[in-house]
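The structure appears below as structure tokens.
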Amino acid sequence: MENPRPQPPAPTPPMAPLPVPIHPPIAPIPVPPPRAPIPAAASMASTSASAAGAGGGDELEYEVSDDHRAARERHERAVQELLQRRRAYAMAVPTNDSAVRARLRRLGEPITLFGEREMERRDRLRTLMVRLEADGQMDRLLRAQEDDQAARAGEEEEEEEQIQYPFFTEGTQELLNARVDIAKYSLPRAKARIERAKRRHEDPDEDPEAEADLVVKQAGEFVLECSEIGDDRPLTGCSFSRDASLLATSSWNGLIKVWSMPQITKVATLKGHTERATDVAFSPADDCLATASADKTAKLWKPDGSLLMSFDGHLDRLARVAFHPSGKYLGTASFDKTWRLWDINTGKELLLQEGHSRSVYGISFHPDGSLAGSCSLDAYARVWDLRSGRLFFTLKGHVKPVLGMSFSPNGYLVATGSEDNFCRIWDLRKKEMLYSIPAHKSLISQVKFEPQEGYYLATSSYDTKAALWSARDFKPIKSLVGHESKVTSLDISGDGQQIVTVAHDRTIKIWSCRSSTQDNAMELD
């Protein structure tokens, strides 16, 4: 039996194309013609008429609920407050509290309310000004503003008038006499110093450069000559007498000791201070010495230990003390931010000088006697004219408290030592800093020029060393190493041949160059 053969599939008839719908063309949208502006009254009338017509056509009438009306009123109030706040912040309101009080007083409002602060008072004035502007009282605001401007102009005129007159404090007759005496003392000395400098410069036989080189060379030969235990407490100050035959030291136990030179044999012990002694200085005119102490007093002594006078008046502990070159006046520096000038003969306070913002630590006098220098913990040193009382120069450059200050015998150089480890040199002629010496690794406690010609400079530091520097190029000459603790003070003898240093290790050390200069002594005028 034969298999049936498969039949081929029936062919699919072709599909007719879908008809594409034909849309009619879109007519352009008609643009309404511009309308003329309708007055507000006519607009409101038409709106009301249309509303009435609509109400007439419809039986239902649109009613606004109380909640919706209250919400709309709140919104309107918030908008008004926002606009008022914007106008208030746009107004020029005084920022000074005294000006705000004056403006409130001129507007007839209380200048302050109970518990009201400065910013709250200023906000109240701003709100008041906005309210007056909204109420149409601009003339009242303008009148108050004009009154403020007139008062401010009057104050500026008064300030200008005050600036025209310098500030001064009337001094006593004793101070006037002292200023005249200092002027009579200093002017001849300054004249002689200038004439001598001219002569040395013009005279071909004079050779200042060679002389300076000789002194600097001899200063490099300083050696430790003697060391002695000065006290059982740290030493704070030292001073040679005018002929270097006596030496005085001060210490923390309040005792002042006088030693004979050059053997350093104790001659006398001065007892009188109730607190630690901070400094000691011999008079340049005689053998009297002055001491300063933390008991707020300075005292004048004879070398044998008898007390001559006590200077009371400072409100805080004293730091350093110095004699005027004439020997008639004493300067004291104190932690009460002042330094004072005293009459040695009468014991009266002649001058109380303010000017520093922090404690005054050091004081020094110009070799002519015309200027006084004070250094303070405010990082400034100041130079004062004793003849007129004016501030001559402010030495700005240190970044830490200034602890030492010294005038050069040449009359125009000043050296200062500070806690920033720098010794800075200043020129009084140019009124500027001349040189800055990175002298030590710790604070500089004292600085002194060589008293003959100022050819070299000595500094002491808490790094246990003292150092000598050339005053020509400020290069190091020699480092005096020997102390085991902080070096608190130093002094140079009148002939420049000896240097004394005292330290917290309680020792007195004498440095000398006499042994190496027996055949070639210093030749100084």
>> Over 60° means perpendicular and under 30° means parallel, so tell me whether W426 and F393 are parallel, tilted or perpendicular.
In response: perpendicular

>> Set out, in order, the CA-CA distance, both residues' side-chain angles and the distance that settles side-chain contact (heavy atoms from CB on, under 4.5 Å) for I510 and I499, then state yes or no.
In response: CA-CA 6 Å; I510 305 296; I499 298 176; over 6 Å; no

> Is the closest side-chain donor-acceptor distance between W511 and T501 under 3.5 Å?
Replying inline: yes

> About how many Å separate CD1 of I425 and CD of E432, when rounded to the nearest 0.5 Å?
Replying inline: 13.5 Å

>> Quick check: do L468 and V216 have side-chain heavy atoms less than 4.5 Å from each other?
In response: no

> Heavy-atom count around E116 CD within 6.0 Å, excluding the residue itself: above 12?
Replying inline: yes

> Taking the side chain from S241 and the backbone from L246, do they hold a donor-acceptor pair closer than 3.5 Å?
Replying inline: yes

> Would you say the ring centroid of F474 lies under 6.0 angstrom from that of W469?
Replying inline: no

> Hey, what do you get for OG (S245) to CG (D287), rounding to the nearest 0.5 Å?
Replying inline: 6.0 Å

> What heavy-atom pair brings I182 and G369 nearest, and what distance separates the two atoms?
Replying inline: CG2-O, 3.2 Å

> Hey, are R200 and E211 close enough for a salt bridge, meaning a charged N less than 4.0 Å from a carboxylate O?
Replying inline: yes

> Is any side-chain N of the basic residue among E453 and R196 closer than 4.0 Å to the acidic one's carboxylate O?
Replying inline: yes

> Any side-chain heavy-atom pair from D316 and H314 closer than 4.5 angstrom?
Replying inline: no

>> Side chains of S442 and S461 only: does a donor on one sit below 3.5 Å from an acceptor on the other?
In response: no

> Which atom pair, heavy atoms only, marks the closest approach of S250 to I256?
Replying inline: CB-CD1, 3.5 Å

> Under 4.0 Å between a Lys/Arg side-chain N and an Asp/Glu carboxylate O for K509 and E225?
Replying inline: no

> Between the side chains of T249 and K257, does any donor sit under 3.5 Å from an acceptor?
Replying inline: no

> About how many Å separate NZ of K296 and OG1 of T332, when rounded to the nearest 0.5 Å?
Replying inline: 14.0 Å

> If you take all heavy atoms of R233 and S251, which pair is closest and at what distance?
Replying inline: O-CB, 4.2 Å

>> If I compare all heavy atoms of M405 with all of V383, which pair ends up nearest, and what's the gap?
In response: CE-CG2, 3.9 Å

> Is there a side-chain contact (heavy atoms from CB on, under 4.5 Å) between T338 and V360 once you walk through the steps?
Replying inline: CA-CA 6 Å; T338 67; V360 182; 5.7 Å; no

> Nearest heavy-atom pair of C423 and A439: which atoms, and what distance?
Replying inline: CB-CB, 4.3 Å

> Salt bridge check: are R317 and D295 linked by an N-O gap of less than 4.0 Å?
Replying inline: no

> How long is the gap from OG on S359 to CG on D336, to the nearest 0.5 Å?
Replying inline: 8.0 Å

> Is a donor on one side and an acceptor on the other found under 3.5 Å between the side chain of N421 and the backbone of L443?
Replying inline: yes

> Taking V502 as the fixed residue, which of L490, T236, I508 is the one that meets the side-chain contact (heavy atoms from CB on, under 4.5 Å) rule?
Replying inline: I508

>> If the threshold is 4.0 Å, N to carboxylate O, is there a salt bridge linking D181 and K328?
In response: yes

> Using the ring of each side chain (for Trp, its six-membered ring), is H504 parallel, tilted or perpendicular to Y462, with breaks at 30° and 60°?
Replying inline: tilted

> Which residue pairs pass the salt bridge (charged side-chain N to carboxylate O under 4.0 Å, His left out) test with at least one member in residues 374-383, sequence neighbours excluded?
Replying inline: none

> Are E206 and R199 ion-paired here, with the side-chain N under 4.0 Å from a carboxylate O?
Replying inline: yes

>> For H356, is there any backbone N or O sitting under 3.5 Å from a side-chain donor or acceptor partner on S376?
In response: no

>> Testing the 3.5 Å rule here: is there a donor-acceptor pair between the side chains of R340 and S334?
In response: no

>> Assess whether a salt bridge exists between D385 and R387, defined as any Lys/Arg side-chain N lying under 4.0 Å from an Asp/Glu carboxylate O.
In response: yes

> Any side-chain heavy atom of K299 within less than 4.5 Å of one from L307?
Replying inline: yes

> Is there a side-chain contact between F240 and V500, using heavy atoms and a 4.5 Å cut-off?
Replying inline: yes

> Of K217, K478, Q497, Q498, which meets side-chain contact (heavy atoms from CB on, under 4.5 Å) against C513?
Replying inline: Q497

>> Ignoring hydrogens, what is the shortest heavy-atom contact between S406 and F449? Give both atom names and the distance.
In response: OG-N, 3.2 Å

>> Between the side chains of R193 and D368, is the shortest nitrogen-to-carboxylate-oxygen separation below 4.0 Å, so that they form an ion pair?
In response: yes

>> Applying salt bridge (charged side-chain N to carboxylate O under 4.0 Å, His left out) as the test, list every pair that has at least one member in residues 410-422; sequence neighbours left out.
In response: D420-R424

>> Taking R506 first and then D232, would you say they form a salt bridge - that is, a charged N and a carboxylate O separated by under 4.0 Å?
In response: no

> With a cut-off of 6.0 Å (strictly less than), are more than 12 heavy atoms of other residues, nucleotides or ligands near CZ of R117?
Replying inline: no

> Are more than 12 heavy atoms from other residues, nucleotides or ligands located less than 6.0 Å from atom CZ of R276?
Replying inline: no

>> Nearest 0.5 Å, please: how far is NE2 in H398 from CE in M433?
In response: 8.0 Å

>> Would H324 and Y185 count as a ring-ring contact (aromatic ring centres under 6.0 Å, His included) here? Give the steps.
In response: CA-CA 11 Å; H324 188 266; Y185 174 83; 5.8 Å; yes

> Is a donor on one side and an acceptor on the other found under 3.5 Å between the side chain of T265 and the backbone of S260?
Replying inline: no

> Should D231 and N253 be marked as a side-chain contact (heavy atoms from CB on, under 4.5 Å) after you check the CA-CA gap, both sets of side-chain angles, and the distance that decides it?
Replying inline: CA-CA 9 Å; D231 205 290; N253 59 10; 2.5 Å; yes

>> Please determine whether a side-chain nitrogen of the Lys or Arg among K431 and D427 lies less than 4.0 Å from a carboxylate oxygen of the Asp or Glu.
In response: no

> Do W342 and L350 have side chains that get closer than 4.5 Å, going by heavy atoms?
Replying inline: no

>> Set out, in order, the CA-CA distance, both residues' side-chain angles and the distance that settles side chain to side chain donor-acceptor pair (under 3.5 Å) for W301 and T291, then state yes or no.
In response: CA-CA 8 Å; W301 310 79; T291 58; 2.9 Å; yes

> Do the side chains of Y380 and V402 get nearer than 4.5 Å, heavy atoms only?
Replying inline: no

> So, is the end of the K448 side chain (NZ or CZ) under 6.0 Å from the ring centre of Y456 and within 45° of the ring's axis?
Replying inline: no

>> Please report the interatomic distance CG(L341) to CZ(R179), rounded to the nearest 0.5 Å.
In response: 8.5 Å

> Between the side chains of H440 and T459, does any donor sit under 3.5 Å from an acceptor?
Replying inline: yes

> Under 4.5 Å between any side-chain heavy atoms of V321 and L330, yes or no?
Replying inline: yes

>> Would L318 and F335 count as a side-chain contact (heavy atoms from CB on, under 4.5 Å) here? Give the steps.
In response: CA-CA 6 Å; L318 272 64; F335 277 71; over 6 Å; no

> Is there a donor in the side chain of D213 and an acceptor in the side chain of Y455, or the other way round, less than 3.5 Å apart?
Replying inline: no

> If we only count heavy atoms from C-beta on, is the F365 to L386 side-chain gap below 4.5 Å?
Replying inline: yes

